[in-house]
Amino acid sequence: MEHPYIEANEEEGEVGSGRFLPGGILLGPADALWPRLPVIGRGDGWGAAVVPWLTGDEAGPESGHYVGPDGVGTWSWPDDLACDRPRHPSITAHLEAVHRTLAEGPADAMGPDVPGLVWGCLVWDDPGAPSLDDALEDWRPVH
């Protein structure tokens with residue numbers, strides 16, 4: 001399976017389409033499963049307790065959101081897996097919170113990244129520390 005991220009073509013003035021969820025892009029199966037699989041010299045992997053599914057760092061990934069038996073939380077890597085306590089009891093609850101944030105607000109209900117539109121794309125960004133480059137001047141928060 002190919003990575004679902006569509007890279008922006010800056011010459012054409014496009015914005016990458018993969019960041020429509022807060023927390024980044026969806027991980028493809030290979031990127032989501034590698035931490036769970038045993039590797040020579042690394043032991044048994046992280047085990048079956050959590051599966052990474054979102055990341056803001058598509059080059060790494062070194063952090064993002066996971067889903068596990070207790071819900072959805074955030075994880076970070078590289079030295080050792082560090083998972084925080086789940087913020088939502090399930091992916092469904094997480095996506096319902098995203099929907100409420102988009103439909104009703106407040107804009108920062110999902111964290112510092114808030115939903116906005118740029119060039120017809122939904123892109124979550126932190127107004128206090130924006131990550132958008134050329135598109136920033138055209139980005140408008142939903143709320």
Pro130: partners by side chain to side chain contact (heavy atoms under 4.5 Å, CB included), with sequence neighbours left out: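 So Pro130 forms a side chain to side chain contact (heavy atoms under 4.5 Å, CB included) with Asp125, Leu136.
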
With sequence neighbours excluded, residues passing side chain to side chain contact (heavy atoms under 4.5 Å, CB included) with Pro141: Trp139

Heavy-atom check, side chain of Cys121 versus side chain of Phe20, under 4.5 Å: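 Cys121 does not reach Phe20 side chain to side chain.
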
Side-chain touch Leu26/Leu54, heavy atoms, less than 4.5 angstrom: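 Answer yes - side chains close enough.
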
Distance-minimising heavy-atom pair for [X] and [Y]:
X	Y	answer
Glu62	Trp75	C-CZ3, 3.5 Å
Gly71	Tyr66	O-CE1, 3.7 Å
Pro127	Pro112	CD-O, 3.8 Å
Pro115	Ala107	CD-O, 3.5 Å

Non-neighbouring partners of Asp70 that pass side-chain hydrogen bond (donor to acceptor under 3.5 Å, both in side chains), sequence neighbours left out: none

Verdict with supporting geometry, Val114 and Val142, side-chain contact (heavy atoms from CB on, under 4.5 Å): CA-CA 8 Å; Val114 301; Val142 171; over 6 Å; no

Under the ring-ring contact (aromatic ring centres under 6.0 Å, His included) test, residues paired with His94 that sit two or more places apart: Trp53, His65, His88

Donor-acceptor contact below 3.5 Å, side chain Arg87 vs main chain Asp84: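 A pair under 3.5 Å: no.
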
Nearest-0.5 Å distance that lies between atom CG in Asp113 and atom CG in Leu21: 11.5 Å

Donor-acceptor pairs under 3.5 angstrom involving side-chain atoms of residues 95-103: please list them, not counting sequence neighbours.
{"from": "Thr101", "atom 1": "OG1", "to": "Ala97", "atom 2": "O", "distance (Å)": "2.8"}

